[in-house]
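Worksheet for the structure shown next.
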Amino acid sequence: MTIRTYNTLSGKKEILQTIEPGHVKLYVCGITSYDYCHIGHARSSLAFDMIVKYLKYRDYKVTFVRNFTDIDDKIIARANEQNTTSEELANRFINEFHVDMDKLGIARPDIEPRATEHIDEMITMIGELIANGKAYEAGGDVYYIIDSFPEYGKLSKRNIEDMKAGARISINEQKKHPMDFVLWKAAKPGEPKWKSPWGDGRPGWHIECSAMSKKYLGETFDIHGGGQDLIFPHHENEIAQSEGANGKPFVKSWIHHGFVTIRDEKMSKSLGNFLTIRDILDNYHPEVLRFFIFSTHYRNPLDFSEAAMQDATAGLDRLYQCVASINELDKTNTRQDTETAFGESDLLKIDSLEERFQQAMDNDFNTAQAQGVFFDTVKTINKIRAKLSEKPLATDIDKLKATTSILKNLAAIMGLLCEDASTYLLTKKQDMLTNCDIDADAIEALIIERKQCRIDKNWSRSDEIRDELLAKNIELKDGADGTRWVVKSK
RNA sequence: GGCGGCGUAGCCAAGUGGCUAAGGCAGUGGUCUGCAAAACCAUUAUUCAUCGGUUCGACUCCGAUCGCCGCCUCCA
């Protein structure tokens, strides 16, 4: 089996063929660090975290580079507002980014290069572009000559003439062609600046990724990723820069993920429909966010809502409850005969779990389908669990435990089921209890009272207790081994 | 205006021309329960925005129409 990924450049799903056998070199555009991260950033980080984890699971070596843009107009403007330096501001939000990523359980990339630490590499590349006749200096700025790169537009599938018609390009007297983009910006008074052959200034946005990817991954590498909004102009310009300077293909395959929307609109500060990762984690377990993000394919838009998060919570709980119920099985009272609870079709489902998971994930990382495979398996496990007699077959228990173990390993690729199941459920229960009008001891006391009522067949008082607790969101579950309680979600 | 994408059940969401159109949430009926809950079983799209076309056969390919979204300025 082979992994196939959708390549924005070709517009098709393609078989993953790495330049160096068994080694994927991946570059992802990271954040501009001037504010807290929102759930769109979370989607980006989570998508590539999942991709890296899956590639490793499929035995690829992965070199993963994700940059920080720590110098740009927004950073300078925000630093001025806050009476600080752009360096301090950028560093502060890089730290906050790491705090959020750690909470989400996202593994660090192998290399996290910062733009300001690669000014020399950028200056070198800009020099090469000027030497190749693909850039010019004008008043301390350096611009890329769009017309010198005939393939300009090949990623975003647009042509220069059409874009001129769009007429939303700001007029800049310095530019020879309105679409020429800046490689180096002359410093304005009071702005951070670096020395260069064209005078003091700072790099344009796009050049950093060309320079840093070259340094860490080479002139041509396997996969470059980012959000769909980066296709144009950022990634288009990166191609022009890198291929213009190196004379070699830049990237084999481009992966772009979709947006998180709120009420079907892209999040943006101007619309005020903006949610930070922290806002979400205040109210939801990180795995709920992960479950939600991976419930659709990474290229589709994903609409955030409280209802969707409740659905995700219910789904994740179902997975954890299944794992917990199997963990609780013990083999102290088992049989050794051959009357298995597994039917033929059950075995077929159970035994094909990993293969079906791989099929889904090999197909452009189809996490939504993979989640379907998980639930299909959970259904089978629950069915067998319900069929087990009081004295079950030892090998049946082994099989159930082996299956949940595989399930957990596969779910971990999406960062799901990473906690101990009973700990997750218990913690959740305790968290929810703090919002209830009653404590655990009082609940236990009522359960004991109700137990006696039930022995006495005093059903009215027994039901009264149950209703009383239910009014406080506590739900009772009578089982063979006594009564348990759960906090009902709203 | 140009380009890209989407439209599958009440909601969310898979579906790489041919097998019963996955799965989740919600709902309904049943099993289990003293009654419930959970779990399990069954059930919920003769149909995939609409209309045409290609094909022996299309949710899947092509064209048109309608609706929604994104990019074309910073953006994950």
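Residue numbers begin at 1 in each chain, while the letters A, B, ... track the order of the sequences. Nothing here was measured: the structure is a model prediction, and the numbers come from that model. FYI, side chains are in, hydrogens and waters are out, and symmetry mates aren't considered; it's all heavy atoms of this structure.
Checked against B/rA13, B/rA39, B/rA76, the side chain of A/Leu230 finds its nearest nucleotide in B/rA76. Checking B/rG23, B/rA76, B/rC71 against the side-chain heavy atoms of A/Met267 singles out B/rA76 as nearest. When distances are taken from the side chain of A/Ser462 to each of B/rC25, B/rG34, B/rC3, the shortest belongs to B/rG34. Side-chain proximity of A/Gln369 to the nucleotides B/rC74, B/rG15, B/rA36 is greatest for B/rG15. Distances from the side chain of A/Glu265 to the nucleotides B/rG24, B/rG70, B/rC71 place B/rG70 closest. Side chain of A/Pro233, nearest nucleotide from B/rC74, B/rG23, B/rA14: B/rC74. The side chain of A/Lys383 sits closest to B/rC41 out of B/rC74, B/rC41, B/rG34. Taking the side chain of A/Asp463 as heavy atoms from C-beta on, and the options B/rA76, B/rC3, B/rC35, the nearest nucleotide is B/rC35. Checking B/rA36, B/rG5, B/rC74 against every side-chain atom of A/Tyr6, the shortest atom distance belongs to B/rG5. Taking the side chain of A/Arg158 as heavy atoms from C-beta on, and the options B/rG2, B/rG15, B/rC35, the nearest nucleotide is B/rG2.
Going from atom CZ of A/Arg299 over to atom C1' of B/rG70 covers 14 Å, rounded to whole Å. Regarding A/Phe365, its CZ atom lies at a distance of 21 Å from the P atom of B/rA13, rounded to whole Å. Atom pair A/Leu302:CG and B/rC69:P shows a separation of 17 Å (rounding to whole Å applied). With rounding to whole Å, A/Arg450 atom CZ is found 13 Å from B/rC35 atom P.
No contact: A/Ala308 has no heavy atom under 4.0 Å from any strand. Using a 4.0 Å heavy-atom distance criterion, A/Gly372 is classed as a base contact.
In this structure, B/rG7 and B/rC66 make a Watson-Crick or G-U wobble pair, each of the two defining distances being under 3.5 angstrom. The nucleotide B/rC40 finds its pairing partner in B/rG30, both defining distances of the Watson-Crick or G-U wobble pair being shorter than 3.5 Å. Under the Watson-Crick or G-U wobble criterion, with both distances below 3.5 Å, B/rA21 has no partner in any strand shown.
Positionally, the nearest nucleotide of RNA chain B for A/Asp303 lies more toward the 5' end than for the other of A/Asp303 and A/Lys266. Both A/Gly226 and A/Asp376 lie close to RNA chain B; mapped to their nearest nucleotides by heavy-atom distance, the more 5′-ward contact belongs to A/Asp376.
B/rG23 has no stacking from A/Phe374 on its base ring, since the centres under 5.5 angstrom apart and planes within 30 degrees of parallel are not both found.
Using a 4.5 Å heavy-atom cutoff, the side chains of A/Ile384 and A/Ile381 are not in contact. Between A/Gln321 and A/Leu425 the shortest side-chain heavy-atom distance falls below 4.5 Å.
Interface remark: the A/Arg466 side chain does form a donor-acceptor pair with the B/rC35 base, using a distance-only criterion of under 3.5 Å. At a cut-off of 3.5 angstrom, the base of B/rC25 holds no donor-acceptor pair with the side chain of A/Asp317.
When ring centroids are compared, A/His235 and A/His206 stay outside the 6.0 Å threshold. Aromatic ring centres of A/Phe221 and A/Phe250: separated by under 6.0 Å.
Distances shown here put a side-chain N or O of A/Arg318 below 4.0 Å from the OP1 or OP2 atom of B/rG24. Between A/Asn366 and B/rG15 there is a side-chain N or O to OP1 or OP2 distance below 4.0 Å. For the pair A/Asn300 and B/rA14, the criterion of a side-chain N or O lying under 4.0 Å from OP1 or OP2 is met. Using a 4.0 Å cut-off, some side-chain N or O of A/Asn382 falls inside it from OP1 or OP2 of B/rC40. Between A/Thr296 and B/rA14 there is a side-chain N or O to OP1 or OP2 distance below 4.0 Å.
Using atom C1' as the reference point in both B/rG18 and B/rU31, the two lie 38 Å apart (nearest Å).
In summary, of the residues considered (A/Phe274, A/Phe93, A/Phe97), a ring pair (Phe, Tyr, Trp, His ring centres under 6.0 Å) with A/Tyr36 occurs for A/Phe93 alone. A salt bridge (Lys or Arg N to Asp or Glu O under 4.0 Å) with A/Asp478 is found for exactly one of A/Arg484, A/Arg450, A/Lys451, namely A/Arg450.
Between A/Phe149 and A/Tyr152, the ring planes lie perpendicular to each other; the angle is over 60°, past the 30° to 60° tilted range.
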